[in-house]
Amino acid sequence: MDLEQEINKRKTFGIISHPDAGKTTLTEKLLLFGGAIQTAGAVKAKRAARQTTSDFMEIEKQRGISVATSVMGFNYQDKKINLLDTPGHQDFSEDTYRTLTAVDSALMVIDSTKGVESQTYKLMEICRMRNIPTMTFINKLDREGRDPIDLLDEIEDKLQISVYPLSWPIGTGKTFKGVYSIIEKKIILFKSHQKQDSEEAVEITDLSDPKLDELLKDKAEKLRDDIELICGVYPEFNPEDYLAGHLTPIFFGSAVNNFGVRELLDAFIKLAPSPGSRLTDINKISPDNSNFSGFIFKIHANIDPKHRDRIAFLRVCSGTFKRNKRFYHVRSGKNLKSSNPTAFMAQSKEIIDAAYPGDVIGLHDTGNFKIGDTLTSGNKFNFKGIPHFSPELFKYTVNLDPLKSKQLNKGLAQLCEEGVAQFFIKLNDTRKIIGTVGALQFEVIQHRLEHEYGAKCRFDNLNYVKAAWLICKDKGKLEKFIQSRKNQIAKDKDENYIYLAETRWSLDREIKENPDIIFHNTSEFQ
Ligand code: G4P
């Protein structure tokens, strides 16, 4: 197979949702369809997705499992699908944001009884910012849910994205009869706990067909009205709007009952984009460029805490990555190679000889890689779009064992490279400030510093709510701003200036009063 065929075969997507909407269940059903697993319940990520503080550490211990399950490759029809799972817990949302840099599209799961929830909102914001084509699966139709039209309105309103239902529910909860597939023009009748191959579908090309009344009884008229309404309200479905990230096609179903999943997967195969061009600091790189290139978007500590080697997740963007072939690590200028690049399947890992655009592979890392690093077959450029996002919680680290300060610093530096947290140092202080998106990370850091680095620390609260990266064309003005607010200015690990805001209100005021200075929400502003 040539490179172009390999590219066209691949679909790499991330699955996202507010916790409990059914992401793990849907993932499992997709894998069942792909034949990647044989029985429901096999995806151990389920537990990881619903971690509580106390069982998080256990999960960390079983990190081998979560590594294997966070990227899941499977085949469906003639496509190779790479599914990237994202942490369910909202405290790990920065990890989710970064995972979204490595995908070509996304699948959003929404609970029909709850509608748009806080995490849905945040995640969709990232998808919109990056124009990631996103499909939506409205789940749990077997429960008394909200009115589907209200749900669509809410998605349009709150998530600021156009919608187009490609399937439509017939009743909900106790009266749920099935869905009408608007693209395939057929009724798919609901049965609970459906097997993948036992779907009962009836073709109805014309909704005035009396067959519809026989099938749906009193629900037939309502379906006719609904579809007429939909066709009147939403203009014809244009796949280009989806590909541009302006519109989300909507599917309805019940993941736990394996219902509506095949329609979703079939539409996904047809509509979702294959790997496309990616922006670098010099130009766009097309996937069919024969030179290999890719970037690291995630680093995971290895299973054995005694060995500090790690797994770096590489997203291949162009050309072919080959085992044992040298590649150029742009940040360090080093030529490196990997003798055991790993591909992740649903339940296993395997060493591969070659990987193609869209693939995500694991590289064994002894400390060379950082999140955002670009690897190429020799050209010198950097991929854009792998930023750090502003933390929302900030604490001072206090070393509890003065004899172990070296270990503490090393541990903190490495954990920050893994993306667990970010650290900052204020201009008028030497203490390290750790910033995270969620409270759970502080426990993880403490636990890992103790168990992996033998260092003990405590965290002291700081009253900041946001970090904004500062940039200004007029160096003099920036310098003046920094000098007049020394107590709130810090540097990140790359020596960039950041402003630490005590309240959102004070940040807004600074933005208003300093129009020449840009306050960035992410570290990506070059
Ligand atoms: P998450 O990864 O998004 O956090 O959600 P997950 O799949 O773990 O699902 C959360 C709960 O919702 C689970 O129930 C799951 O069984 C249920 N669920 C998923 N899809 C559907 C659906 O289509 N209909 C209904 N009624 N429920 C659904 P649980 O009680 O928390 O766990 P379990 O004991 O069922 O495993």
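Ligands are counted one by one from 1 in listed order, and the atoms in each one are counted from 1 as well. Note that this is a predicted model, so its numbers are computed, not measured.
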Participant: Just which atoms of ligand 1 are under 4.0 Å from any heavy atom in P19?
Facilitator: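 Within the 4.0 Å cut-off of P19, ligand 1 contributes 4 (O).
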Participant: Look at the rings of Y464 and F394 and say which category their plane angle falls in: under 30° parallel, 30 to 60° tilted, over 60° perpendicular.
Facilitator: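 Answer is perpendicular, since the angle exceeds 60°.
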Participant: Does N257 come within less than 4.0 angstrom of ligand 1, counting non-hydrogen atoms of the residue?
Facilitator: no
Participant: How does D142 reach ligand 1, by side chain, by backbone, by both or by neither, if only non-hydrogen atoms under 4.0 Å count?
Facilitator: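 Side chain only; the backbone of D142 stays clear of ligand 1.
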Participant: Polar contacts were defined as any N/O atom of the residue lying under 3.5 Å from an N/O atom of the ligand; does this apply to L141 and ligand 1?
Facilitator: no
Participant: Does the structure place the NZ or CZ of K395 under 6.0 Å from the centre of the six-membered ring of F442, at an angle of no more than 45° from the ring's axis?
Facilitator: yes
Participant: Would you mind running through ligand 1 and noting each atom that sits below 4.0 Å from a heavy atom of S17?
Facilitator: 3 (O)
Participant: Pick one of side chain, backbone, both or neither for how R143 approaches ligand 1, counting any non-hydrogen atom pair under 4.0 Å.
Facilitator: side chain
Participant: May I ask you to say whether E125 pairs ionically with K122, meaning some side-chain N is under 4.0 Å from a carboxylate O?
Facilitator: no
Participant: Heavy-atom distances under 4.0 Å decide this one: backbone, side chain, both or neither, for D20 against ligand 1?
Facilitator: both
Participant: Ion pair present between D104 and R10, side-chain N to carboxylate O less than 4.0 angstrom?
Facilitator: no
Participant: Give the ring-plane orientation class for F313 versus F344, where under 30° counts as parallel, over 60° as perpendicular and anything between as tilted.
Facilitator: parallel
Participant: Parallel under 30°, tilted from 30 to 60°, perpendicular over 60°: which one fits the rings of F176 and F190?
Facilitator: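 Tilted: the ring planes of F176 and F190 meet at 30° to 60°.
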Participant: Minimum heavy-atom separation for G435 and P391, please, with both atom names.
Facilitator: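 Looking at all heavy atoms of both residues, the closest pair is C-CB, 3.5 Å.
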Participant: Are any of the N or O atoms of G22 closer than 3.5 Å to those of ligand 1?
Facilitator: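 Yes; at least one N/O pair falls below 3.5 Å.
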Participant: Counting only heavy atoms, which portion of S254 has something under 4.0 Å from ligand 1: side chain, backbone, both, or neither?
Facilitator: both
Participant: Give the numbers and elements of all ligand 1 atoms closer than 4.0 Å to a heavy atom of K23.
Facilitator: 1 (P), 2 (O), 3 (O), 5 (O), 7 (O)
